[in-house]
Amino acid sequence: RPHPIRPDSFRRWNDKISSLDPAGEFRVGQPFTTHFDWRGRALQCASVPTEIEANRVLELRHSAIVAPGVPPNLEIRQRITLEPHGARTTVTKLIVIENDDTPWFLRALIWFVTRFGAPTGPDPLKTLCEAGVAH
């Protein structure tokens, strides 16, 4: 049965979010403010859901990012896809960064670390999905 995607649930999925301001449930095109704690740095951005499929897809666009050293036109698209397989769930997280000024060699290093780096622990969203409480 489809469940609406609620901001308080989204915060449980992503431990880098310190707060966000929408109430109720996410709606496509409804902007809100997200506050992140990224490696001890506070970030704030304008977030907008661009695609929602209950129990399956959440895509957000983050822009107007306020933090030291962040390029003014930086945008981040975040897409989370769930694929249930019986009692297990495949969670796919895709992050697309646009309009940043990162040099090509640093991008290559970031790609390598994120692709081949060791996981730091179980993914919170995957754990919640498999427990049946991810909405």
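The figures here come from the full heavy-atom set of this structure, side chains too, leaving out hydrogens, waters and symmetry mates. On a predicted model such as this, the values are computed, not experimentally measured, just so you know.
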Check for a donor-acceptor pair, side chain of His35 on one end and backbone N or O of Thr33 on the other, with a separation under 3.5 Å. no

Search all heavy atoms of Ala67 against all heavy atoms of Ala42 and return the closest pair with its distance. CB-O, 3.9 Å

Mind checking whether Leu60 and Phe32 have side chains closer than 4.5 Å, heavy atoms only? yes

I want to check something: taking the side chain as every heavy atom from C-beta on, are Gln78 and Arg61 in contact at a cut-off of under 4.5 Å? no

Going from CG on Leu74 to CD on Glu98, what distance comes out if it is rounded to the nearest 0.5 angstrom? 9.0 Å

Verify side chain to side chain contact (heavy atoms under 4.5 Å, CB included) between Ile76 and Ile95, making sure each step is shown before the conclusion. CA-CA 7 Å; Ile76 299 171; Ile95 305 290; 3.8 Å; yes

CD/Glu53 to CD/Glu59 distance, rounded to the nearest 0.5 angstrom? 10.5 Å

same_hphob_cluster(Val28, Val48) at 4.5 Å side-chain heavy-atom cutoff: no

Approximate separation, where rounding is to 0.5 Å, of His62 NE2 and Arg77 CZ: 11.5 Å

To the nearest 0.5 angstrom, please state how far the CG atom of Leu58 sits from the OG1 atom of Thr50. 8.0 Å

Lys93 side, atom NZ; Thr81 side, atom OG1 - distance, nearest 0.5 Å: 11.5 Å

Do Ser63 and Glu75 have side-chain N/O donor and acceptor atoms under 3.5 Å apart? no

Rounded distance [0.5 Å steps], OG1 in Thr34 versus CG in Asp21: 7.5 Å

